[in-house]
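Working notes for the structure below.
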Amino acid sequence: MLEAGADADVVNSVGRTAAQMAAFVGQHDCVTVINNFFPREKLDYYIKPQGLNKEPKLPSKLAGPLYKVITTTNLHPVKVVYLIKENPLLMEAEALKKCCTVLDLICEKCIKQKDMNEVLAVKMHYISCVLQKCSTFLQDQEDKLDAFIKNLLKGRDPDCFPVFQEKFIRECIRKFPYCEATLLQQLVRSIAPVEIGSDPTAFSILTQAITGQVGFIDADFCTTCGEKGATKRCSVCKLVIYCDHNCQKLHWFTHKKVCKILKEKREKQEQEAAKEKRREEKLAHKAEQIKTDEQLAETEGASNSQTEAEGPAVASAAEGLEGSKMAAETNISISKSH
């Protein structure tokens, strides 16, 4: 619908946009798609010479691959690098530099236009920073991005936290050129107090700001590329999740340092959980037994009370019956005498 020209800013009878209504009913994927949509014609503007320029700012052959990167809803830096590696046209340093130039122009336009779009501006700036880093590695690392991916995934020894990735994303946010932007100030206030290695991470805060999702809701995300709906787990520790075998293989060089530690931690947690479950079952059984005993005691007490209450009445009835019998015998004797 968006590609066919649907206007995402139209409001309904209660003044709500489609994205706001989707968020209200929990359709977070719809919110992400709407907030990350960028019309193709706005990008095609840059494949034509403008003004006195004889050459376009973006070669037409790069428009398609760049548009795929722009419209991605997964902003994980490794995923962005994956998208670049998928297309040979983007695996050139000069091509990436031209893409960065266009992204910076779009970012500037989003800020300076009448209807300011800070979300799209931050996203374009962030992708531009990733592409610039890729361009640097293509120049320095013999046209390969594997070194950059490894740097993004490499974790520190104690807990395998990706320090380089965290610092890189923070640096991207810090370089945003429009300091007066409200969204930038919110990002800084959210990230600044958090120590590197603690939650929330800079990536989760940035994702929430751009896509509109509140954290990672009811879904498993790939440890390597951040793709939603990952289902495969490490066969040893069973705690780290991946979307496919390639992501697991790529992450193994750093995960293997803590895999056994995580396995021991998981087994310990499972033992403690089983122990706690047995304790709860025992307490529940004991509580049920106590409840049964109380009900039995109440039943016996009620029975005894009823017996005590009926005792005098039975005795009185017996006495009355005996008196009637004696009266009848007396009447018979009198009759015989007469």
Side-chain angles (χ1 to χ4, degrees), residues 19-20 23 28 31-32 35-36 69-70 72-81 100 103-113 115-137 148-228 240 251 254 258:
Q20 291 171 335
H28 301 288
V31 177
T32 301
N35 288 348
N36 283 265
V69 176
I70 288 175
T72 181
T73 57
N74 182 359
L75 299 177
H76 198 286
V78 174
K79 181 63 176 181
V80 177
V81 178
C100 291
L103 291 174
D104 291 340
L105 290 173
I106 296 174
C107 175
E108 181 181 2
K109 193 172 183 179
C110 290
I111 291 294
K112 293 184 178 181
Q113 66 187 9
D115 298 327
M116 186 184 300
N117 191 338
E118 294 184 356
V119 172
L120 188 59
V122 171
K123 180 181 180 180
M124 294 300 171
H125 168 73
Y126 168 74
I127 295 176
S128 175
C129 290
V130 177
L131 266 57
Q132 288 175 15
K133 201 70 172 179
C134 289
S135 175
T136 302
F137 272 84
F148 182 37
I149 293 176
K150 285 194 172 184
N151 284 346
L152 288 171
L153 295 177
K154 185 178 181 181
R156 61 187 181 187
D157 290 336
D159 54 6
C160 207
F161 183 84
V163 177
F164 178 86
Q165 182 185 134
E166 178 75 10
K167 290 182 177 180
F168 172 72
I169 296 176
R170 291 188 179 208
E171 183 67 12
C172 292
I173 296 172
R174 189 188 66 80
K175 287 182 177 180
F176 189 71
Y178 306 100
C179 302
E180 69 281 1
T182 304
L183 182 58
L184 174 65
Q185 296 174 8
Q186 292 176 353
L187 289 171
V188 172
R189 283 195 296 268
S190 299
I191 295 175
V194 182
E195 295 183 3
I196 293 179
S198 302
D199 287 330
T201 62
F203 173 67
S204 64
I205 294 173
L206 180 65
T207 299
Q208 178 181 344
I210 294 177
T211 66
Q213 291 194 14
V214 183
F216 293 154
I217 302 174
D218 298 334
D220 293 323
F221 292 81
C222 178
T223 305
T224 301
C225 67
E227 195 66 27
K228 184 179 179 181
V240 182
H251 190 250
T254 186
V258 295

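If you read the sequence from its start, that first residue is 1, and numbering goes on from there.
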>> Quick one, Ile70 and Leu103 - any side-chain contact, counting heavy atoms below 4.5 Å?
In response: yes
> Which residue pairs pass the side chain to side chain donor-acceptor pair (under 3.5 Å) test when at least one of the two sits in residues 148-161, sequence neighbours left out?
Replying inline: Arg156-Asp159
> With a 4.5 Å limit on heavy-atom distance, are the side chains of Phe161 and Thr201 in contact?
Replying inline: yes
> Say you draw a straight line from CD1 of Ile111 to CG of Asn117; how long is it, rounded to the nearest 0.5 Å?
Replying inline: 8.0 Å
Side-chain donor/acceptor pairs under 3.5 Å, residues 168-181, sequence neighbours excluded:
{"from": "Arg170", "atom 1": "NE", "to": "Glu166", "atom 2": "OE2", "distance (Å)": "3.0"}
{"from": "Arg170", "atom 1": "NH1", "to": "Val194", "atom 2": "O", "distance (Å)": "3.3"}
{"from": "Arg170", "atom 1": "NH2", "to": "Glu166", "atom 2": "OE2", "distance (Å)": "3.2"}
{"from": "Arg170", "atom 1": "NH2", "to": "Val194", "atom 2": "O", "distance (Å)": "2.8"}
{"from": "Glu171", "atom 1": "OE1", "to": "Arg174", "atom 2": "NE", "distance (Å)": "3.1"}
{"from": "Glu171", "atom 1": "OE2", "to": "Arg174", "atom 2": "NE", "distance (Å)": "3.4"}
{"from": "Glu171", "atom 1": "OE2", "to": "Arg174", "atom 2": "NH2", "distance (Å)": "2.4"}

> Which heavy atom in Lys79 sits nearest to a heavy atom in Asn74, and how many Å separate them?
Replying inline: CG-ND2, 3.4 Å
>> How long is the straight-line distance from NE2 of His251 back to CD1 of Ile149, given to the nearest 0.5 Å?
In response: 12.5 Å
>> Using modelled atom types and a 3.5 Å cut-off, is there a donor and acceptor pairing between side-chain atoms of Thr32 and backbone atoms of His28?
In response: yes
> Say you draw a straight line from SG of Cys129 to CE of Met124; how long is it, rounded to the nearest 0.5 Å?
Replying inline: 13.0 Å
> Do you know the tightest heavy-atom contact between Ala209 and Leu187?
Replying inline: CB-CD2, 3.7 Å
>> Tell me the closest heavy-atom pair linking Gln113 and Cys110, and the distance in Å.
In response: CG-O, 3.5 Å
> Can you find a pair of side-chain heavy atoms, one from Leu184 and one from Val122, that are under 4.5 Å apart?
Replying inline: no
>> Is there a side-chain contact between Leu153 and Thr223 in this structure, where contact means two heavy atoms from C-beta onward sitting under 4.5 Å apart?
In response: no
> Gln132 side chain to Cys100 main-chain N or O, any donor-acceptor pair under 3.5 Å?
Replying inline: no
> Between Pro158 and Val258, what is the shortest heavy-atom contact and its length?
Replying inline: O-CG1, 4.3 Å
> Atom CG in Leu206, atom CG in Leu183: separation rounded to 0.5 Å?
Replying inline: 8.5 Å
>> Quick check against the 3.5 Å criterion: does Ser128 have a side-chain atom that pairs as donor or acceptor with the backbone of Asp104?
In response: no
>> Quick check for you: to the nearest 0.5 Å, what is the distance between Ile205 atom CD1 and Asp199 atom CG?
In response: 9.5 Å
> What's the shortest heavy-atom distance between Thr254 and Gly155, and which atoms?
Replying inline: OG1-N, 2.9 Å
>> Nearest 0.5 angstrom please: Lys123 NZ to Thr72 OG1, how far?
In response: 6.5 Å
> Which pair of heavy atoms, one from Ala23 and one from Val31, lies closest together, and at what distance?
Replying inline: N-CG2, 3.4 Å
